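Remember, it's a predicted structure, so these values are computed and weren't measured experimentally. Worth knowing before you read on, the calculation uses all heavy atoms, side chains too, and leaves out hydrogens, waters and symmetry mates. In the text below, chain A, chain B and the rest are named by the order of the sequence lines, each starting its count at 1.
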Protein chains: 4
Amino acid sequence: MRRPAGGSSLASASSRPRTLKSVARRNAILDAALDEFSARGFAAARLDDVAKRAGVAKGTIYLHFADKESLFQELIRFKMGPVVGTLESVFAADLPLRTMAEQALEIFVREVYNTQRKQVLRLIISEGPRFPVLAEFYYREVLSRILRGVRAILRHARERGEIDDDAFIRFPQLIGAPGIIAIVWSGLFDRFEPLDVRAMMQAQFNFLFGTRRPQ
Amino acid sequence: MRRPAGGSSLASASSRPRTLKSVARRNAILDAALDEFSARGFAAARLDDVAKRAGVAKGTIYLHFADKESLFQELIRFKMGPVVGTLESVFAADLPLRTMAEQALEIFVREVYNTQRKQVLRLIISEGPRFPVLAEFYYREVLSRILRGVRAILRHARERGEIDDDAFIRFPQLIGAPGIIAIVWSGLFDRFEPLDVRAMMQAQFNFLFGTRRPQ
Amino acid sequence: MRRPAGGSSLASASSRPRTLKSVARRNAILDAALDEFSARGFAAARLDDVAKRAGVAKGTIYLHFADKESLFQELIRFKMGPVVGTLESVFAADLPLRTMAEQALEIFVREVYNTQRKQVLRLIISEGPRFPVLAEFYYREVLSRILRGVRAILRHARERGEIDDDAFIRFPQLIGAPGIIAIVWSGLFDRFEPLDVRAMMQAQFNFLFGTRRPQ
Amino acid sequence: MRRPAGGSSLASASSRPRTLKSVARRNAILDAALDEFSARGFAAARLDDVAKRAGVAKGTIYLHFADKESLFQELIRFKMGPVVGTLESVFAADLPLRTMAEQALEIFVREVYNTQRKQVLRLIISEGPRFPVLAEFYYREVLSRILRGVRAILRHARERGEIDDDAFIRFPQLIGAPGIIAIVWSGLFDRFEPLDVRAMMQAQFNFLFGTRRPQ
DNA sequence: GATGAATGAGGGTTCATTCAT
DNA sequence: TATGAATGAACCCTCATTCAT
């Protein structure tokens with residue numbers, strides 16, 4: 001369930017730990033923090049538990065992060081940063097709309113939904129309103145880029161006659177909506193009624209782009 | 001000496017308080033609690049602030065609610081309970097699908113989105129994962145009923161030939177998705193890029209049910 | 001050894017506790033704080049110990065004082081404030097220089113040296129350099145007034161021909177010097193060689209004003 | 001593996017360190033420590049800052065001193081030790097009282113007041129009460145010697161008929177008092193009202209020994 | 001020797017909860 | 001009922017001290 005969180009850390013800031021051990025420790029702390037923050041929320045999470053889970057002493061956290069809030073913010077940045085690069089490359093391709101949607105779905109499921117990043121997104125959703133800097137980071141570095149890319153693709157598709165509706169362009173959120181809904185749902189209701197993300201996204205795509213061979 | 005401040009777990013029901021003043025006080029506390037919990041999250045909210053905002057003493061809160069968590073849970077129940085009844089009546093009607101969707105949209109915007117209930121939903125989304133009882137309450141008392149109602153309507157509509165797809169029935173969440181997305185979005189990104197709920201829901205309806213006179 | 005610290009609290013600021021109990025508690029905390037701060041210094045003193053000594057819970061301290069530093073500053077103000085008034089009245093009288101000196105000596109010994117105020121002065125001397133606000137308070141509210149009063153008296157005495165030297169007026173500190181020295185000495189060396197404040201002050205007065213019947 | 005960083009409690013003596021570098025380092029640490037202890041007090045000073053200021057690693061301090069308190073005590077000893085010798089030589093001379101006083105004044109101003117030693121004395125005054133060993137060291141190694149010397153001189157002077165008062169002999173502290181007062185004053189009130197040590201000491205000498213050519 | 005990352009006990013502060021009035 | 005002073009457990013953060021390199 002833990003992933004050593006390699007990743008290029010495009011957006012991560014501050015902190016320049018030299019040794020390998022130091023990096024490993026930092027990552028262990030970040031992973032532990034993600035677990036604890038996810039399980040209890042930012043305010044209720046205890047750095048004591050983060051330390052315990054990371055296998056370090058409490059003070060060690062402060063060698064890597066200025067305080068609890070910094071840890072939280074850097075956590076989000078660190079785990080989210082790498083996505084950006086990946087996304088840009090998807091948008092670069094020039095394929096039929098539906099194909100791209102399928103690809104995006106796969107990327108989302110593989111890189112986000114079945115990943116720590118699901119927790120990260122949940123944290124952004126939960127805590128974002130109390131951390132404007134964080135919400136802004138996510139909007140600027142991730143979301144707005146995705147939206148821009150999607151809109152470009154959609155405009156392209158319309159020029160090619162693949163779609164005739166401009167609702168897409170006004171509300172590209174609708175494309176990702178099922179993904180977000182699934183993330184929210186899974187945290188709340190999965191034990192009552194599990195939800196098949198992939199299938200729901202497919203269904204939405206069918207509505208949006210018309211029925212195709214799904215997969 | 002203390003009154004455990006029942007609340008039978010059944011939806012709303014202002015747990016039989018004696019005087020009128022008492023009811024008013026209780027409501028004031030609930031309103032204040034909603035504001036504070038929304039602004040700071042459950043864990044970070046201070047009962048001191050709730051009391052101040054409600055214009056009562058801190059101890060008074062404990063005359064109406066067993067503890068902070070009870071206050072939170074009863075808050076959700078109290079603010080969400082009434083919705084249920086309203087919804088049932090909508091489902092009862094037997095109108096064309098699109099018409100019903102339009103009605104549901106209006107109800108959602110009027111009764112939820114432009115209301116305290118938006119905050120309540122946000123709280124459920126944010127804090128629900130840490131309050132299984134609450135998630136269960138919401139699922140059982142609200143969500144599952146809505147889904148059941150929607151599914152019934154959809155099945156009806158299919159029988160009437162209004163729709164031929166069973167994706168609806170498998171994923172009725174897609175109908176409400178834009179509403180949830182808008183609630184999440186508004187808490188995070190409205191200052192960067194506001195979102196027109198109504199229009200986005202319309203757009204989604206167009207995709208789902210085909211284009212109609214939107215209003 | 002403790003003195004309930006009545007006193008009019010001329011300079012004391014903030015905090016308006018209503019009840020008698022509240023005032024008593026506040027005073028108990030101030031007394032305990034004086035003891036602890038005196039024994040260990042500001043930085044090393046533990047509020048835990050202050051609370052214990054005052055017979056209250058740790059949190060209670062924060063009902064009366066914003067934080068450790070406030071407690072410290074208000075302590076100094078509270079214990080020093082009352083002196084001011086007393087002093088003014090001494091200066092008001094119009095007596096022979098030596099007589100006034102004798103009176104000042106008595107007041108100093110009675111009101112300061114054999115009092116909590118000795119500890120307070122020691123704290124001002126020890127911690128003042130790190131608490132400029134405090135040093136300023138003491139200078140403005142106490143010291144400068146004393147110096148002003150003394151200088152006025154001396155000028156008067158010179159006009160009367162009681163003294164012909166202006167060294168007094170330039171360095172009125174010399175009059176109080178033995179008192180301060182005694183306070184410093186007693187904290188450091190009393191166990192090796194005790195010092196008789198009264199006698200030393202008398203000796204200094206003899207040097208300054210010429211030998212007289214010392215009382 | 002560690003060297004307990006002796007320091008035999010005898011005054012100064014840079015506890016026989018091997019290399020020249022080592023001595024320099026030790027001195028750098030002592031200087032840095034003096035600065036930090038003076039600025040923040042013993043308890044609040046951070047060894048981290050001492051190390052930074054001394055240009056060494058934190059651990060290095062522990063190669064030279066057993067712990068924070070040892071560093072502090074050795075600091076006082078090291079900076080105060082040398083004074084002793086100097087003083088003895090002054091007392092050895094056999095000059096008129098006033099002349100000796102003038103000389104002592106000069107030595108005090110040159111060797112103490114315009115020196116790091118002023119800070120050291122301030123530290124003794126501030127922290128001495130919490131460090132009995134230190135107060136004892138200072139009393140035994142410095143103060144009692146000075147007092148003994150002064151008393152000897154005074155007795156001598158009386159035999160010569162230079163003075164007829166025994167107040168001096170009972171309270172030789174009065175001779176040094178203005179120096180101590182000036183040190184205390186300068187740390188607290190110099191920004192409000194600076195004090196001319198030399199002049200104040202002269203004034204006191206005039207009172208004590210009668211007016212003479214002040215240089 | 002020298003370093004500085006790591007440790008973890010300690011202490012200031014907060015705040016849910018209690019209870020005397 | 002209502003109050004709000006009092007409580008004390010809990011938690012973030014600091015920093016003296018250790019120790020592997």
>> What's L63(A) touching, base or sugar-phosphate or nothing? Going by heavy atoms closer than 4.0 Å.
In response: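 Base, at least one base heavy atom under 4.0 Å.
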
Interatomic distance, [X] [atom1] vs [N] [atom2] [rounded to whole Å]:
{"X": "F42(B)", "N": "dA16(E)", "atom1": "CZ", "atom2": "C1'", "answer": "10 Å"}
{"X": "F72(A)", "N": "dC12(F)", "atom1": "CZ", "atom2": "P", "answer": "14 Å"}
{"X": "H64(D)", "N": "dG1(E)", "atom1": "NE2", "atom2": "C1'", "answer": "9 Å"}
{"X": "F65(C)", "N": "dT13(E)", "atom1": "CZ", "atom2": "C1'", "answer": "16 Å"}
{"X": "K68(B)", "N": "dT14(E)", "atom1": "NZ", "atom2": "P", "answer": "15 Å"}
{"X": "I61(A)", "N": "dT7(E)", "atom1": "CD1", "atom2": "C1'", "answer": "12 Å"}
{"X": "D49(D)", "N": "dT14(F)", "atom1": "CG", "atom2": "C1'", "answer": "12 Å"}
{"X": "D48(C)", "N": "dT7(F)", "atom1": "CG", "atom2": "P", "answer": "13 Å"}

Starting the side chain at C-beta, find the nucleotide from [options] nearest to [X].
{"X": "A57(A)", "options": "dG12(E), dT7(E), dA6(F)", "result": "dT7(E)"}
{"X": "R46(D)", "options": "dA6(F), dA2(E), dC15(F)", "result": "dC15(F)"}
{"X": "L47(D)", "options": "dA16(F), dC12(F), dA2(E)", "result": "dA16(F)"}
{"X": "D67(C)", "options": "dG1(E), dA6(E), dT13(E)", "result": "dT13(E)"}

> If each of A44(B) and G59(A) is mapped to the nucleotide of DNA chain E with the nearest heavy atom, which maps nearer the 5' terminus, i.e. the 5' end?
Replying inline: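 With A44(B) and G59(A) compared, the 5'-side residue is G59(A).
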
>> For E69(B) and K21(A), find the nucleotide of DNA chain E closest to each by heavy atoms; which residue's nucleotide sits nearer the 5' end?
In response: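 Mapping each residue to its closest nucleotide by heavy atoms, the 5'-most match is K21(A).
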
>> Any strand counts, and the cut-off is 3.5 Å on both contacts for Watson-Crick or G-U wobble. Which nucleotide pairs with dT7(E)?
In response: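 Base-paired to dA16(F).
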
> Using purine N1 to pyrimidine N3 plus N6-O4 or O6-N4 for Watson-Crick, or N1-O2 and O6-N3 for G-U wobble, both under 3.5 Å, which nucleotide pairs with dT21(E)?
Replying inline: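 The answer is dA2(F), by the H-bond criterion.
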
> Quick one: the side chain of K58(C) and the base of dT13(E), do they pair up donor-acceptor inside 3.5 Å?
Replying inline: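 Looking at the base of dT13(E), it does pair with a donor or acceptor on the side chain of K58(C) (distance under 3.5 Å).
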
> Can we say R130(B) and E127(B) salt-bridge, meaning some charged N sits less than 4.0 Å from an Asp/Glu carboxylate O?
Replying inline: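 Salt bridge present between R130(B) and E127(B).
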
>> By nearest heavy atom, map A45(D) and T60(B) onto DNA chain F; which one lands nearer the 5' end?
In response: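 The residue mapped nearer the 5' terminus is T60(B).
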
> Taking for each residue the nucleotide of DNA chain F with the nearest heavy atom, is it R25(C) or A43(D) whose nucleotide lies nearer the 5' end?
Replying inline: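 So the residue in question is R25(C).
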
>> What verdict does the side chain to side chain donor-acceptor pair (under 3.5 Å) test give for D67(D) and S70(D), after you've listed the backbone C-alpha separation in whole Å, the side-chain angles of each residue and the deciding distance to 0.1 Å?
In response: CA-CA 5 Å; D67(D) 55 19; S70(D) 293; 3.0 Å; yes

> Counting only N and O atoms by type, is there a donor-acceptor contact under 3.5 Å from the side chain of K79(B) to the main-chain atoms of E74(B)?
Replying inline: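 No.
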
> L47(A) and E36(A): side chain to side chain contact (heavy atoms under 4.5 Å, CB included), yes or no, with the steps?
Replying inline: CA-CA 9 Å; L47(A) 290 192; E36(A) 290 296 327; over 6 Å; no

> Taking the six-membered ring for Trp, are F37(B) and F42(B) parallel (under 30°), tilted (30 to 60°) or perpendicular (over 60°)?
Replying inline: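 Tilted: the ring planes of F37(B) and F42(B) meet at 30° to 60°.
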
